Amino acid sequence: MERIYVGERAVSPVSGTVRWVVVDSRSYGLHTQAVAYLASLRARDCSPNTERAYAGRIALYLNFCLMRRLEWTTPGFLGMAALQQWLIEAPLPSRSGRARPGPLRFRSRSTANAVMTAVAEFLRFGHTHGWVPASTTGLLSQRKLLRFSPPGYDTGESGRRREVQAAAFRFRITEPGYEDLSDEQIRA
């Protein structure tokens, strides 16, 4: 996939302030909505590393939309599902830009979940500013009934508030289990 949009580090020549932006690599024009979202992360006092990671993830989403000829504001359910699958099935590009010998590298499901989270937050931000329709943001979450509520969670009168909004596009990730030591290892 050709990388048209890229997350770039921008340093102010006056104050030396570092910011992350999403630019079109052909014209060096800023993607206005993505830059506004990244500025909102700074305004909420998020870590600079969060801003850096989200800039790359949003650029990846915008490139996917260009590649699939999707309007980024209205990708639809099938577009979002295709993005989720593409994230784990498409091989990662070489870091050097040249073809290299050896096995291909792929994103993990947890990395795909992180990208989908950044994209969902970007689209929700776009909805609050009128760039993204409600039909798009309605696809990003679904109702989920809590079977077991966490400690301190107020379920309301007669447990009426057990429903929460959960991410609609998310891979299930299993935590690696613990390994027991064998008798031989314990004796050693």
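Values in this document were obtained by computation on a predicted structure and should not be read as measured data.
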**Q** What is the minimum heavy-atom distance between R107 and A90, and which atoms define it?
**A**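 It is NH1-O, 4.1 Å.
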
**Q** Any chance CD of E184 has more than 12 other-residue heavy atoms, nucleotides or ligands included, within less than 6.0 Å?
**A**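 No, not enclosed.
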
**Q** Which distance, rounded to the nearest 0.5 Å, do you find between the CG of L83 and the CH2 of W86?
**A**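 Reported to 0.5 Å precision, the distance equals 7.0 Å.
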
**Q** Look up atom CG in L87 and atom OG1 in T111, then write down how far apart they are to the nearest 0.5 Å.
**A**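 L87 CG to T111 OG1: 9.5 Å, rounded to 0.5 Å.
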
**Q** What I'd like to find out is whether the side chain of L92 reaches to under 4.5 Å of the side chain of F106, using heavy atoms alone.
**A**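 Side chain of L92 against side chain of F106, heavy atoms only: no contact under 4.5 Å found.
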
**Q** So which atom in L70 and which in G79 form the shortest heavy-atom distance, rounded to 0.1 Å?
**A**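 Smallest interatomic distance, heavy atoms only, reads CD1-CA, 4.0 Å.
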
**Q** In terms of relative ring orientation, are W131 and H129 parallel, tilted or perpendicular, with 30° and 60° separating the classes?
**A**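 Parallel, since the angle between the ring planes stays under 30°.
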
**Q** Please round to the nearest 0.5 Å and tell me the distance separating atom CG of L78 and atom CG of L139.
**A**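 If we round to the nearest 0.5 Å, L78:CG and L139:CG are 9.5 Å apart.
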
**Q** Does some side-chain heavy atom of Y54 sit less than 4.5 Å from a side-chain heavy atom of T117?
**A**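 The answer is yes; the side chains approach within 4.5 Å.
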
**Q** For V18, does its backbone N or O pair with a side-chain atom of S12 as donor and acceptor, under 3.5 Å?
**A**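 Not confirmed, S12 side chain does not pair with V18 backbone.
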
**Q** What pairs meet the salt bridge (Lys or Arg N to Asp or Glu O under 4.0 Å) rule with one or both residues in residues 43-63, with sequence neighbours excluded?
**A**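 For residues 43-63, and leaving out neighbouring residues, the salt bridge (Lys or Arg N to Asp or Glu O under 4.0 Å) pairs sorted by first residue read R42-E51.
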
**Q** At their closest point, which heavy atom of A55 faces which heavy atom of V22, and how far apart are they?
**A**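 That would be O-CG2, 3.6 Å.
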
**Q** Tell me whether I58 shares a hydrophobic cluster with L66, the cluster being built from Ile, Leu, Val, Met, Phe, Trp, Tyr side chains joined at under 4.5 Å.
**A**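 Yes, it is one cluster - the side chains of I58 and L66 are joined through contacts under 4.5 Å.
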
**Q** So do T74 and P133 actually touch side chain to side chain, heavy atoms under 4.5 Å?
**A**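 Side-chain contact under 4.5 Å: yes.
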
**Q** Using 0.5 Å steps for rounding, measure from the CD atom of E89 to the CD atom of Q84.
**A**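 Reported value, rounded in 0.5 Å steps: 10.0 Å.
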
**Q** Going hydrophobic residue to hydrophobic residue with side-chain gaps under 4.5 angstrom, can you get from L60 over to V23?
**A**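 As far as the 4.5 Å side-chain criterion goes, V23 and L60 are not connected within one cluster.
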
**Q** Does the N63 side chain pair with the main chain of I4, one donor and one acceptor, at a distance under 3.5 Å?
**A**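 Between the backbone of I4 and the side chain of N63 there is a qualifying donor-acceptor contact (under 3.5 Å).
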
**Q** Out of curiosity, does F122 fall in the hydrophobic cluster containing M67 (side-chain heavy atoms, cut-off under 4.5 Å, transitive links)?
**A**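 Yes, same cluster.
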
**Q** Would you name the heavy atoms of Y37 and E121 that are closest together and state the gap between them?
**A**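 Minimum heavy-atom separation between Y37 and E121: OH-CB, 3.2 Å.
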
**Q** Closest heavy-atom contact between T136 and V132?
**A**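 Minimum heavy-atom contact is CB-CG1, 3.6 Å.
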
**Q** Holding to salt bridge (charged side-chain N to carboxylate O under 4.0 Å, His left out), I want the full list of residues that pass it with E8, two or more places apart in sequence or in another chain.
**A**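 E8 satisfies salt bridge (charged side-chain N to carboxylate O under 4.0 Å, His left out) with no residue once adjacent residues are dropped.
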
**Q** Looking at CG of L38 and CZ of F125, how far apart are the two atoms once the value is rounded to the nearest 0.5 Å?
**A**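 It is 9.0 Å, given to the nearest 0.5 Å.
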
**Q** Specify the closest pair of heavy atoms between P75 and T73, including all atoms of both residues, with the distance to one decimal.
**A**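 Smallest heavy-atom distance, with atoms named: CD-C, 3.6 Å.
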
**Q** Hydrophobic cluster membership, with links at side-chain heavy-atom distances under 4.5 Å among I/L/V/M/F/W/Y: are V6 and V21 in one?
**A**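 Looking at the clustering, V21 is in the same group as V6.
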
**Q** Centroid-to-centroid, Y5 to W72, below 6.0 Å?
**A**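 Centroid distance Y5-W72: not below 6.0 Å, so no.
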
**Q** Please report the interatomic distance CG(L123) to CE(M116), rounded to the nearest 0.5 Å.
**A**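 The distance works out to 9.0 Å.
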
